[in-house]
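Here the structure is laid out as structure tokens; the discussion comes afterwards.
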Protein chains: 2
Amino acid sequence: MNEFHVWLEEKLLELNLTKTMNVPDGFSRLSFTEEEKEAHQQFKNIAVELELTTYQDVIGNQWALWEVSPDEKIIAMGSHLDTVYGGGGYDGTAGILAAFGVIKLMKREGFVPKKNLAVICFVSEESARFAVSTVGSKAVIGKLNKEEMAKLQDKDGIYLKDAMESFGVKWDLIDQAEVPEEKIERFLELHIEQGTILEDAGAQIGIVSGIACPVRLKVQVKGHANHTGTTPMNERKDAFAAIAPLITFVREEALKWNETSDVPLVATVSTVQLKPNAMNVIPEEVELGIDIRSVDDELKRTFAREVTAFCSDIERKEHVMIKVETLVDNDSVMLDDRVHENLLEASRTKGYKTLSMNSGAGHDVMNMALKWPAGLIFIPCRDGLSHHPKEHAEIADVEKGIRTMVYYLKNEAGE
Amino acid sequence: MNEFHVWLEEKLLELNLTKTMNVPDGFSRLSFTEEEKEAHQQFKNIAVELELTTYQDVIGNQWALWEVSPDEKIIAMGSHLDTVYGGGGYDGTAGILAAFGVIKLMKREGFVPKKNLAVICFVSEESARFAVSTVGSKAVIGKLNKEEMAKLQDKDGIYLKDAMESFGVKWDLIDQAEVPEEKIERFLELHIEQGTILEDAGAQIGIVSGIACPVRLKVQVKGHANHTGTTPMNERKDAFAAIAPLITFVREEALKWNETSDVPLVATVSTVQLKPNAMNVIPEEVELGIDIRSVDDELKRTFAREVTAFCSDIERKEHVMIKVETLVDNDSVMLDDRVHENLLEASRTKGYKTLSMNSGAGHDVMNMALKWPAGLIFIPCRDGLSHHPKEHAEIADVEKGIRTMVYYLKNEAGE
């Protein structure tokens, strides 16, 4: 095993604040927690080791800068270090590791770029805690919705605003995290695929052309609480029993659509809250969270309309009140053609089996691409497993991603 | 409105720690909380006002004693003051109020009983917080399952054991709460019906002959967590989508059974826990709580077996793991025939429209009846609504219950 490979494995552990990647309960570094902060400290340590200038912006993103000239633009790479509850150690982290790996290799080879290079560790990419994703990269492109964010709470009732403050972020200043267009030239992110397309094709590198953004629905059902032992079955307004068929409908419909459409669509009822959620009380209120994705924006929106229609039917049949709210509905993001082409060429020149593909998951690059030419490099992860303790990617594949980026950057940022 | 009526309304407010019964969020005096303790303090205040001797036993039950002779046995009345989350001000409280009302009337009429009379305020009757019910009355009959109780936590992870300690109960002593059989002669409880049988029949008093005890099942489903955006629909093990049909099945089957059987059965999926319950992660684990009741024990157990069989089918079809655990399975409790007859006679002699009926809900009397002859008096509650902020009973009906008990006691405890 070469020295660089060993260095990568070492830094992977450091970034995950662990001595082994085999952690049964997985990693839980939720947005704006002490755990995310500790990971950011590791980011800074590695940056210092690589003799990069580090600073934290007003939203809490960590920047590590290799500045060759203050007049040059920055070619930035980056990802995130926060995770879901019991997530894996590669989602986001592999991207940070790869970005540092690129710098490490270049410096080892004595290569001096013509452009400034930066590694960005975006804060709070995962929506697991506050139901809002990619907070750090949204701030960098000036697309924060402060008004909406002010309302968000985690499941313990802690407001995002307060979590940010205790993380060291000044709520009143977060709008100033926006980076002017002229400061950055382009952006690259490496990420694990979180699917099985590369694995199934026996490919080592995927170069992404488009990212499917979700439609997210909140379905609120209001029935009538009553005693489970004394209320006859035919005199109930059980909110949970009323909405249960929707859970089945969402899956069965999505399966059906994939048989006919050639663009895939995925739909999941992924969250539920019951009130009062007590053994001897008939459920009065249910809240379901539904996540719908496809690179075909029309497809996913039609599906969302079908969910709403299905809810209206239930409302009529069951005499419960149902409110369907759209939490998120963003267009899919198409990445820069030239970057896409050049990354494909770089990877293939390095002799890796390479696919051009789409992404079913959003990443920080999705925001960066709205302001700067951007590219996304996928590497395989075992069984497509992600957001799970068993999430795993091969360091050898991370290294292939790094060498692809180094080749690309030497052309773009070299003499 | 007579003076006694006014006194009852006043005491109802005091026991509910409120200035008005119209509280939009209802009452939340959960087991072994400060709120329950404050209600117990009100109990003591009223007892003192009625010149009764009060003491707290080692499980936390409050006793108010009218002792005419230390050699005489006790005829006890009582109920509880704890509630579910956002419950009503009559479930339990009406029974305490009525018991005090009986003493108040007797004393006002200068009646001196031959037997000692007691009002017992049982601690922690509701299972809403710790999924165990009637803790106080179980302790009095010596039927606590300490080993099981030691495992119980509320939804914030607080152990029942610790909640009891901070309530002032010494965990090591709780077995000593058992009351020897010879000390008590019989027990009476008044309770709101929590159903619509009395209301529908236009009756004012129900005398209960049998109590339906629940079968409670915990259904645990284990699927596979994965990213909602990147995992194709046909490669998922979504625990929530897999088990959803059970929620529908439980209701539809129960409805079907009631068409054919003349003994009613009710079944409810009343609780759910999802893991990780995050918008972008496919549900890996689901836990459902199911409450099944009928006075026909065979009927409810057959239904429980059908639920288990349905789960086995799902397990096979969906390739998820399902574990069905029986949390509670008690026989229905039949109340003392003679007490039942005499209470019916008392109520009818007072000229109230009276029904002999069964109870779909368990109450403290259910435990007391296992050790002593016991009776349960139901009064109507509006729309059968209970465990709900809008729960309501008429003070006039509480008064009818009181006068029924006074008539009964004068015969039983008089000269």
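Worth knowing before you read on, the calculation uses all heavy atoms, side chains too, and leaves out hydrogens, waters and symmetry mates. Chain letters run A, B, ... following the sequence lines, proteins first and then strands; every chain starts at 1.
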So which part of B:Glu391 gets closer than 4.5 Å to some heavy atom of chain A, the side chain, the backbone, both or neither? neither

Which portion of B:Ile211 sits near chain A, non-hydrogen atoms under 4.5 angstrom: neither

Within the distance-only criterion (no hydrogens, no angle test), does the side chain of B:Asn280 pair as donor or acceptor with the backbone N or O of A:Ala128 below 3.5 angstrom? no

Region of B:Glu252 in contact with chain A, defined by heavy-atom distances below 4.5 Å: neither

Would you call the rings of B:His388 and A:His224 parallel, tilted or perpendicular, taking 30° and 60° as the class edges? perpendicular

Contact origin within B:Ala212 toward chain A - heavy atom pairs under 4.5 Å: neither

Under 4.5 Å between any side-chain heavy atoms of B:Ser270 and A:Asp238, yes or no? no

Any idea which heavy atoms bring B:Pro232 and A:Val266 closest together, and the distance? CA-CG1, 4.2 Å

Between A:Leu288 and B:Phe240, is there a side-chain heavy-atom distance shorter than 4.5 Å? yes

Heavy-atom proximity to chain A below 4.5 Å, by part of B:Pro264: neither

At a heavy-atom separation under 4.5 Å, does B:Ile197 approach chain A through its side chain, its backbone, both, or neither? neither

Any idea which heavy atoms bring A:Ala225 and B:Leu385 closest together, and the distance? O-CD1, 3.5 Å

Taking every heavy-atom pair that is under 4.5 Å apart, which of A:Glu126, A:Gln194, A:Glu193 has the most such pairs with chain B? A:Gln194

Structural part of A:Ala131 lying under 4.5 Å from a heavy atom of chain B: neither

Got a second to check how far B:Glu253's CD is from A:Met233's CE, nearest 0.5 Å? 10.5 Å

When only pairs under 4.5 Å are counted, which of A:Asn258, A:Val250, A:Leu274, A:Thr248 shares the most heavy-atom pairs with chain B? A:Leu274

Quick one: are B:Gln273 and A:Asn277 in side-chain contact, heavy atoms under 4.5 Å? yes

Could you check whether any side-chain heavy atom of B:Arg293 comes within less than 4.5 Å of a side-chain heavy atom of A:His227, counting everything from C-beta outward? yes

Counting heavy-atom pairs closer than 4.5 Å to chain A, which one of B:Gly88, B:Gly229, B:Gly289, B:Gly360 comes out on top? B:Gly229

Report yes if the side chains of A:Met279 and B:Val328 come closer than 4.5 Å at any heavy-atom pair, otherwise no. no

If you count heavy-atom pairs under 4.5 Å between each of A:Ile282, A:Asp383, A:Val272 and chain B, which one has the most? A:Val272

For the candidates A:Asp156, A:Thr228, A:Asp91, A:Thr196, which exhibits the highest count of non-hydrogen atom pairs separated by less than 4.5 Å from chain B? A:Thr228

Greatest number of non-hydrogen atom pairs under 4.5 angstrom with chain A, of B:Ala267, B:Gly87, B:Gly86, B:Pro245, falls to B:Ala267

Any side-chain heavy-atom pair from B:Ser386 and A:Thr231 closer than 4.5 angstrom? no

Under a 4.5 Å heavy-atom cut-off, does chain B meet the side chain of A:Pro214, its backbone, both or neither? neither

Which atom names give the shortest non-hydrogen contact between A:Ala278 and B:Thr271, and what distance separates them? C-CG2, 3.6 Å

Is chain A contacted by the side chain of B:Ile290, its backbone, both, or neither, given a heavy-atom distance below 4.5 Å? backbone

Segment of B:Val84 engaging chain A (4.5 angstrom heavy-atom cut-off): side chain

Residue part contacting chain A, namely of B:Arg236, when any heavy atom lies under 4.5 Å: side chain

Within the supplied structure, the quantity of interest is the number of heavy atoms (other residues, nucleotides, ligands) at a distance under 6.0 Å from A:Lys300 NZ; does it exceed 12? yes

